[in-house]
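Only one structure is covered here, and it is reproduced in the block below.
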Amino acid sequence: MKFTITTNARDVIASMGDVAARHIPFATALALTRTAQEAQRHEQHEMRDVFDRPTPFTLSALRVVPATKTNLTASVEIKDSAAKGVAASKYLAPEVYGGRRDLKAFELALFHAGVLPPGHYIVPGEAAKLDAYGNISRGQITQILSYFRARLDVGYTSNATEKTRARLKKGSKRRYGIVYFVSKPGDRLPPGVWMREIHGLGSRVRPIMMFVTRAQYEAIFDFHYVIERTAQEVLPKEFELALAEALRTAR
């Protein structure tokens with residue numbers, strides 16, 4: 001997922017004298033790179049407008065590939081890899097093009113553990129602890145994964161163990177504390193991961209994670225238009241500034 005900014009500078013250079021031929025490639029590369037950097041800032045502003053409290057990871061998902069004198073092309077790209085979790089290009093693609101999003105890493109782990117039913121993904125429940133961005137907190141996700149023996153290992157596709165299957169059930173002999181159980185589609189409770197708080201002879205249940213069928217996303221992040229508009233508005237000005245800077249430096 002990228003947008004490339006180019007010019008017809010090579011044609012212009014061919015029609016001009018030696019002075020322009022020496023300085024225009026540098027000025028063009030500088031202008032293209034600065035334009036791409038400005039487009040990156042505009043994209044981050046657009047993210048804040050169309051998304052509800054985007055995380056720092058999402059806001060930093062864009063990178064600029066600068067232009068050079070020998071390659072008069074600058075690109076703004078959405079990163080397609082991540083050290084941990086899902087790459088930004090995976091979950092932003094439905095926002096740009098529409099369609100279905102991929103499972104997040106913790107959803108995939110719960111799916112392989114037999115917790116999350118096929119064709120579903122997770123939204124916060126009433127008892128979910130949310131972070132500053134409205135997502136289920138990392139600490140609570142870790143507790144749920146640990147309880148159901150779900151693993152985040154890349155490529156882990158093992159089926160749920162017998163111990164994990166037992167933990168999916170509602171029954172518990174504990175008299176105090178918290179246990180988790182899973183309600184699947186067709187059960188009495190709505191599908192999701194539920195928390196049972198046990199206090200002596202009494203208890204109450206509250207949902208932490210709700211299972212919902214995968215929705216079809218509408219395209220709301222106009223990634224390509226933002227860059228195209230920025231290039232039209234910014235590139236001519238940046239080229240004038242860059243060329244003046246190149247000629248001033250030459251003197």
Side-chain angles (χ1 to χ4, degrees), residues 50-55 57-58 84-87 90-95 98-218 220:
V50 301
F51 299 143
D52 179 21
R53 289 170 290 172
T55 65
F57 181 81
T58 295
K84 294 182 179 180
V86 178
K90 297 292 185 182
Y91 65 82
L92 285 178
E95 309 290 358
R100 300 180 185 273
R101 75 162 170 84
D102 292 336
L103 290 177
K104 298 178 181 178
F106 81 92
E107 292 173 320
L108 195 59
L110 290 173
F111 170 75
H112 288 310
V115 176
L116 182 66
H120 289 70
Y121 67 98
I122 291 171
V123 297
E126 171 197 334
K129 297 178 182 177
L130 304 181
D131 61 20
Y133 308 103
N135 301 314
I136 302 174
S137 71
R138 185 179 298 273
Q140 195 168 43
I141 288 175
T142 300
Q143 288 177 352
I144 300 298
L145 293 176
S146 176
Y147 187 85
F148 291 114
R149 305 288 196 270
R151 296 173 54 180
L152 285 171
D153 305 51
V154 176
Y156 179 74
T157 57
S158 174
N159 293 327
T161 65
E162 290 297 330
K163 289 184 179 180
T164 299
R165 292 192 191 96
R167 285 182 168 238
L168 302 181
K169 299 178 180 179
K170 303 177 186 180
S172 173
K173 296 181 179 180
R174 297 177 62 176
R175 299 192 59 179
Y176 295 94
I178 295 174
V179 295
Y180 303 103
F181 66 91
V182 175
S183 179
K184 295 291 183 71
D187 292 347
R188 182 175 61 86
L189 293 172
V193 175
W194 292 71
M195 175 176 66
R196 185 187 299 276
E197 299 172 292
I198 306 170
H199 306 286
L201 299 177
S203 68
R204 68 169 179 167
V205 297
R206 293 192 297 159
I208 296 178
M209 299 176 175
M210 305 306 299
F211 302 156
V212 296
T213 55
R214 296 202 202 181
Q216 191 78 10
Y217 279 67
E218 292 185 8
I220 62 171

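- What you find for Pro118 and His120 is that their closest heavy atoms are O-ND1, 2.9 Å.
- No more than 12 heavy atoms of other residues, nucleotides or ligands sit less than 6.0 Å from atom CZ of Arg138.
- With Gln140 contributing its side chain and Lys129 its backbone, the two residues share a donor-acceptor pair below 3.5 Å.
- Residues Phe148 and Tyr180 come closest through the heavy atom pair CZ-CB, 3.9 Å.
- Between Ile208 and Ala128 the shortest heavy-atom distance is O-CB, 3.3 Å.
- Two residues are said to be in side-chain contact when any heavy atoms from C-beta on lie closer than 4.5 Å; Pro185 and Pro117 meet this criterion.
- Closest heavy-atom contact between Pro124 and Met210: O-CG, 4.1 Å.
- Atoms CG and CG, from Leu110 and Leu103 in turn, are 10.0 Å apart once rounded to the nearest 0.5 Å.
- With sequence neighbours left out, Phe51 forms a ring-ring contact (aromatic ring centres under 6.0 Å, His included) with Phe221.
- With a 4.5 Å cut-off on side-chain heavy atoms, Phe181 and Leu189 count as touching.
- The minimum heavy-atom distance linking Pro94 with Arg100 is given by the pair CG-O, 3.4 Å.
- Of the possible donor and acceptor atoms, one in the side chain of Glu107 sits under 3.5 Å from a partner among the backbone N and O of Ile122.
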Legend entry - Step-by-step side-chain contact (heavy atoms from CB on, under 4.5 Å) determination, Thr58 to Tyr133: CA-CA 11 Å; Thr58 295; Tyr133 308 103; over 6 Å; no
Inset, instruction - List the steps, then state whether side-chain contact (heavy atoms from CB on, under 4.5 Å) holds for Tyr147 with Val179. - result: CA-CA 9 Å; Tyr147 187 85; Val179 295; 3.7 Å; yes
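- Minimum heavy-atom separation, Lys184 to Val182: CE-CG1, 3.6 Å.
- Between the side chain of Asp187 and the backbone N or O of Pro190 there is no donor-acceptor pair closer than 3.5 Å.
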